[in-house]
Asker: 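Please see the structure below; I have some questions.
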2 protein chains.
Amino acid sequence: MARLVYERADVVPMLAEVFRELGYDGASMARIHERTGLGKGSLYHFFPDGKEDMAAAVLADIDTWFDRQVFAPLRLDPPEKAIDAMWRTVTEYFQGGGRVCLVGAFALDGTRDRFAIAVAGYFQRWIDALSDALVRSGRDSRLARDAAEEAVSGIQGALVLSRALDDRETFARAMTRLARRLRD
Amino acid sequence: MARLVYERADVVPMLAEVFRELGYDGASMARIHERTGLGKGSLYHFFPDGKEDMAAAVLADIDTWFDRQVFAPLRLDPPEKAIDAMWRTVTEYFQGGGRVCLVGAFALDGTRDRFAIAVAGYFQRWIDALSDALVRSGRDSRLARDAAEEAVSGIQGALVLSRALDDRETFARAMTRLARRLRD
DNA sequence: AATCCAGTGTACCAATCAGTACAATGGATT
DNA sequence: AATCCATTGTACTGATTGGTACACTGGATT
C-alpha cells in the first residue's frame with residue numbers, strides 16, 4: 001500500500017487554503033485533517049504548537065512569496081514595469097477576486113490580535129515598496145505614499161466587495177480603476 | 001436584588017458588538033454569555049435557532065439602520081447634501097476605523113455562504129443608493145455606478161487596512177481621498 | 001543486516017462546544 | 001389575591017474542540 005510522505009513545505013500551502021476558506025476559528029483540527037489528508041500525528045509533528053503554529057507558518061509563507069514576487073521588484077526593477085507587473089501578479093494571485101487575502105481576513109476579526117505584527121508588517125511593506133517605486137518614477141514623496149496607500153487599500157476593498165457580491169467583474173473593474181488612479 | 005430584564009431589541013446591538021470583535025466562529029455561546037451578561041435561557045428564548053439566528057438578527061438590524069440613515073437619504077434628499085452626510089455618518093458609525101464592518105468581515109470567511117443573500121444585498125443596496133444620488137446630481141448613469149462602486153469598495157478597504165495597521169489616521173486619509181474622488 | 005529517524009495513524013484526554021429541559025422569578029392583568 | 005407569561009438561571013446532554021502519547025512504518029545510513 002502506497003504511503004504518502006510529506007514535508008513541512010508541502011503542507012503550508014494546503015493549510016493556507018484551509019484558513020483562507022474557513023478563517024482561523026473556522027478551521028478546526030478535524031477540518032484541517034479532512035482537507036489536507038494529514039493525520040494529527042503529522043500535523044503536530046510539523047507544527048508542534050498546533051493551529052497557532054500553522055497560521056504563523058502560513059503568514060510567513062505568504063510574506064516571503066509577496067516579498068519575492070511583488071515587493072522586491074517594486075524596490076529594484078524599473079518602476080513603471082514593476083507596477084504593471086504588480087497588477088498582473090496580484091490579479092492572478094487573488095484569482096480575479098475568487099480568492100481572498102488571508103492577511104486581510106485575519107485583520108478583520110479577533111485573529112488580528114494574535115498575529116498583529118505579521119499582519120501590520122505585510123501591509124506596511126507593501127505600501128513602502130509601492131511608494132518607493134512611485135518615488136523612483138518621479139513622484140513627490142508625500143504624494144507617492146498617499147497613492148500607494150490608496151492602491152493597497154483599494155485592493156483589499158475590491159476583494160471584500162467582489163466576494164460579498166460573488167462577482168469577479170467587480171474585482172476586475174476595481175483593479176483597472178486603481179491602476180489608472182496610480183498612473184495619474 | 002435587582003433583576004435585569006431585556007427584550008430582543010436590547011440584545012441585538014450587544015450581539016453585533018460580540019460578532020464584530022470575535023467573528024462568527026470566534027463567538028461561542030460561552031463568550032456571548034460573558035460579554036452580554038445574558039444566560040443561555042435568555043439567549044435561546046430570544047433566538048430559538050441559536051447562533052445562526054442571532055447573526056441573522058444582527059445583519060437585519062444593521063441593514064435597517066443603514067437603510068434609514070444612509071440609503072434612504074441618498075435616494076431622497078438633495079444628492080450633494082446626502083453624500084456629504086454619508087461620509088459623516090459612515091465615519092462616525094465605523095468610529096474612524098476603530099470599528100469593523102461586520103458585513104464585510106462575514107464576506108471574507110466561510111460565514112459568507114451562510115448569509116450570502118444578506119451580505120450581497122447590503123452592499124448592492126448601498127451601491128444602488130449612492131449611484132442614484134450621483135445620477136440625480138447630474139452624473140452619467142454608467143459613470144455614477146462605477147464611482148459608487150469605487151466609494152463603497154474603498155470604504156471596506158480602508159477598514160481592512162486601518163485595522164491591520166491599527167491606525168485610524170489611515171482610515172481618515174482614505175475617507176477624504178474617496179470623498180474627493182466622488183466629487184470630481 | 002542492523003540502526004536510525006522523519007513521518008504517520010490511532011487511541012485517548014480534559015475542556016469546551018451548541019443545544020435542551022425545566023423550575024424559578026416577578027411584573028402585569030384579571 | 002390569583003393567574004398569567006415573558007424572561008431568567010442552572011443543571012444537564014452528547015458531540016466536538018485542541019492537544020498528548022505512543023506504537024508503527026519504511027526509506028536512508030551505517
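The figures here come from the full heavy-atom set of this structure, side chains too, leaving out hydrogens, waters and symmetry mates. Letters A, B, ... mirror the listed sequences (proteins, then strands); counts begin at 1.
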Asker: If you only use heavy atoms from C-beta on, which nucleotide in dT8(C), dG18(D), dG9(D) is closest to the side chain of Lys51(A)?
Answerer: dG18(D)

Asker: Counting heavy atoms from C-beta on, name the nucleotide in dT7(D), dG7(C), dC17(C) closest to the side chain of His45(A).
Answerer: dG7(C)

Asker: For a 4.5 angstrom cut-off between non-hydrogen side-chain atoms, does Pro79(B) reach Arg136(B)?
Answerer: yes

Asker: Without decimals, in angstroms, what is the distance between Phe46(B) CZ and dT20(C) C1'?
Answerer: 18 Å

Asker: What is the distance, rounded to the nearest whole Å, between atom NE2 of His33(A) and atom P of dT8(C)?
Answerer: 13 Å

Asker: Give the rounded distance in Å between these two atoms: CZ of Arg31(A) and C1' of dT16(D).
Answerer: 11 Å

Asker: Honestly, is Arg114(B) close enough over Tyr24(B), meaning NZ or CZ under 6.0 Å from the six-membered ring centre and within 45° of the axis?
Answerer: no

Asker: Starting at atom CZ of Arg114(B), determine the distance to atom P of dA18(C), rounded to an integer number of angstrom.
Answerer: 11 Å

Asker: Separation of Leu38(A) atom CG from dG9(C) atom P, in whole Å?
Answerer: 8 Å

Asker: dG18(D), dT17(D), dG9(D): which one has an atom nearest the side-chain heavy atoms of Ala30(A)?
Answerer: dT17(D)

Asker: Is the phosphate of dC17(C) approached by Ser28(B) (side-chain N or O, under 4.0 Å from OP1 or OP2)?
Answerer: yes

Asker: What's the verdict on side chain to side chain donor-acceptor pair (under 3.5 Å) for Thr170(A) and Asp167(A), showing C-alpha distance, side-chain angles and the deciding distance?
Answerer: CA-CA 6 Å; Thr170(A) 304; Asp167(A) 172 36; 2.7 Å; yes

Asker: Tell me what Tyr44(A) touches on the nucleic acid: a base, only sugar-phosphate, or nothing, going by heavy atoms under 4.0 Å.
Answerer: base

Asker: Base, sugar-phosphate alone, or nothing: which one does Lys40(B) contact when heavy atoms must sit under 4.0 Å apart?
Answerer: base

Asker: Start with the C-alpha gap between Trp87(B) and Leu178(B), add the side-chain angles, then the distance that decides, and say whether side-chain contact (heavy atoms from CB on, under 4.5 Å) holds.
Answerer: CA-CA 9 Å; Trp87(B) 293 116; Leu178(B) 290 166; 3.5 Å; yes

Asker: CG of Leu43(A) versus P of dA6(C): gap in Å, rounded?
Answerer: 17 Å

Asker: Quick one: Met29(B) CE to dA15(D) C1', roughly how many Å, whole number?
Answerer: 16 Å

Asker: Report the distance from atom CD of Glu7(B) to atom P of dT8(D), rounded to the nearest whole Å.
Answerer: 10 Å

Asker: Are Tyr6(B) and Phe46(B) an aromatic pair, judged by ring center distance below 6.0 Å?
Answerer: no

